[in-house]
Amino acid sequence: MMELRNNLYFFYKETQQIKDKVDGLKEFAVNQGFNLVQNSEEANIIASIGGDGAFLQAIRKTGFRDDCLYVGVSTGQLGIYCDFHIDEQEKMLEAMQFEEIEVRRYPIISVVIDGDTEFYCLNECSIRTSTIKVITAEIYINDLHFETFKGDGIIVATPSGTSGYNKSVNGALIDPMLPCMQVSELASVNNNTFRTLGSSFVLNDDKELILKIKKGDNSYPIIGLDNEAYSIRSNEEIKITLPERRIKTVKLKNNSFWHKVQRSFL
Ligand code: NAP
Ligand code: MN
């Protein structure tokens, strides 16, 4: 039997301006038969209110669930993850209610630090120096020692993340129907002693990317996981893979990734 999808949780940063709009939306949702839940774990629909940055936070703070539907509701411009504007109440709730709703599935990446802590990213993972010194990292693709990287850092983007940070360093945009990850350089040092590929490359979902970071060179490396960052000064190995887990959102007519890209950039 199909599970009735009507337990709704709203994720947003409570400012007065947003609160007024969300209160109206909540009331409308209740009148439409939705059950507003206080805890995201009880929800089978999680609506984030804000922009793409808010959507990334909503996914992270609710644990990258693969058993619920995430809905991005924008308070400004529609981005890559926001399919609705906050004023489009009817359109939004209709889309959530429709039982055989079409679902879009976004690949994510898994990041394991020193074989221990696992994090997921919906946009990208970036490893960067936080000082004026370059970082040095040995880069492996599975067992192959691919290159020694010296430079500001490396970005590993998911397909839907390719229009974010990845795009600003001239990475290609990738259709999220392709489960893969794109690796791009941030200002690599290239001379007669150090050599890196110099262009972005895309890995299939059966590949592992391993970065072994040189310690103690005053580069104070940090890791960015979408819009959060941590120091990895005392860590050595970062392993990045593509798990089977997907993030589900609603799929509307005329709203493919390429429609969104066109809407955002052209
Ligand atoms: P932010 O610094 O406030 O915003 C960065 C911009 O990227 C915002 O306009 C944001 O849209 C947009 N954005 C986020 N995800 C996107 C995607 N998948 N495709 C296209 N645009 C996207 O940070 P934030 O809002 O928390 O977003 C975090 C993301 O910013 C990171 O994951 C990274 O992709 C991106 N970023 C980009 C650069 C760069 O281009 N130089 C540097 C750092 C981070 P909204 O305004 O709708 O939130
Ligand atoms: Mn933002």
Side-chain angles (χ1 to χ4, degrees), residues 11-15 17-18 21-22 46-62 64 70-88 92 104-111 119-130 135 151-188 200 202 221-230 232 238 240 242 246-251 255-266:
F11 184 99
Y12 56 101
K13 214 169 153 188
E14 212 164 305
T15 61
Q17 208 187 356
I18 283 199
K21 291 227 172 197
V22 177
I46 297 177
S48 102
I49 313 230
D52 282 342
F55 190 81
L56 295 169
Q57 278 288 299
I59 304 252
R60 183 161 304 282
K61 301 292 183 210
T62 59
F64 281 81
Y70 286 97
V71 179
V73 181
S74 172
T75 47
Q77 293 285 315
L78 293 182
I80 294 292
Y81 298 115
C82 295
D83 291 299
F84 304 95
H85 190 268
I86 190 148
D87 296 329
E88 300 174 309
M92 186 185 321
R104 180 193 302 283
R105 292 183 167 79
Y106 285 126
I108 57 176
I109 52 178
S110 152
V111 179
F119 298 95
Y120 292 123
C121 300
L122 179 62
N123 258 356
E124 78 282 294
C125 157
S126 53
I127 287 121
R128 298 190 269 175
T129 169
S130 65
I135 61 168
D152 283 2
I154 292 271
I155 301 172
V156 184
T158 68
S160 62
T162 54
S163 52
Y165 200 177
N166 167 81
K167 185 175 184 296
S168 303
V169 297
N170 279 327
L173 269 64
I174 293 186
D175 195 314
M177 297 297 282
L178 292 167
C180 60
M181 54 181 155
Q182 181 168 183
V183 187
S184 299
E185 301 180 349
L186 290 171
S188 58
S200 297
V202 176
I222 52 168
I223 191 165
L225 307 161
D226 296 335
N227 49 15
E228 292 200 354
Y230 302 97
I232 44 167
I238 316 285
I240 305 173
L242 261 143
R246 296 285 181 271
I247 291 297
K248 292 188 274 186
T249 65
V250 288
K251 188 163 150 196
N255 199 21
S256 69
F257 178 68
W258 299 106
H259 283 95
K260 292 164 190 247
V261 168
Q262 185 191 43
R263 183 180 71 198
S264 302
F265 300 107
L266 294 173

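Each ligand, and each atom within it, is numbered from 1 in the order the structure gives. Residues: numbered from 1 along the sequence shown. All values below come from the heavy atoms of this structure, side chains included, with hydrogens, waters and symmetry mates left out.
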**Prompt:** Are Lys251 and Asp83 ion-paired here, with the side-chain N under 4.0 Å from a carboxylate O?
**Reply:**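 No.
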**Request:** Determine yes or no for a side-chain-to-main-chain donor-acceptor pair under 3.5 angstrom, with Arg105 supplying the side chain and Pro176 the backbone.
**Result:**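 No; zero donor-acceptor contacts below 3.5 Å.
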**Asked** Residues in side-chain hydrogen bond (donor to acceptor under 3.5 Å, both in side chains) with Lys13, at least two apart?
**Response**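 Lys13 satisfies side-chain hydrogen bond (donor to acceptor under 3.5 Å, both in side chains) with no residue once adjacent residues are dropped.
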**Item:** Reference residue Tyr81; test side-chain hydrogen bond (donor to acceptor under 3.5 Å, both in side chains); the match among Thr249, Asp52, Asn123
**Value:**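 The option that passes is Asn123.
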**Message:** Residues around ligand 1, heavy atom under 4.0 Å from any ligand atom, sorted by chain and number. Can you pull those?
**Reply:**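 Within 4.0 Å of ligand 1, protein side: Gly51, Asp52, Gly53, Leu56, Ile80, Tyr81, Asn123, Glu124, Ser160, Ser163, Gly164, Tyr165, Ser168, Asp226, Asn227.
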**Message:** Applying side-chain contact (heavy atoms from CB on, under 4.5 Å), can you list everything that pairs with Val169, at least two apart in sequence or on another chain?
**Reply:**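 Residues passing side-chain contact (heavy atoms from CB on, under 4.5 Å) with Val169: Ile155, Ser184, Leu186.
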**Prompt:** Excluding sequence neighbours, so at least two apart, what forms side-chain contact (heavy atoms from CB on, under 4.5 Å) with Ser168?
**Reply:**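 None.
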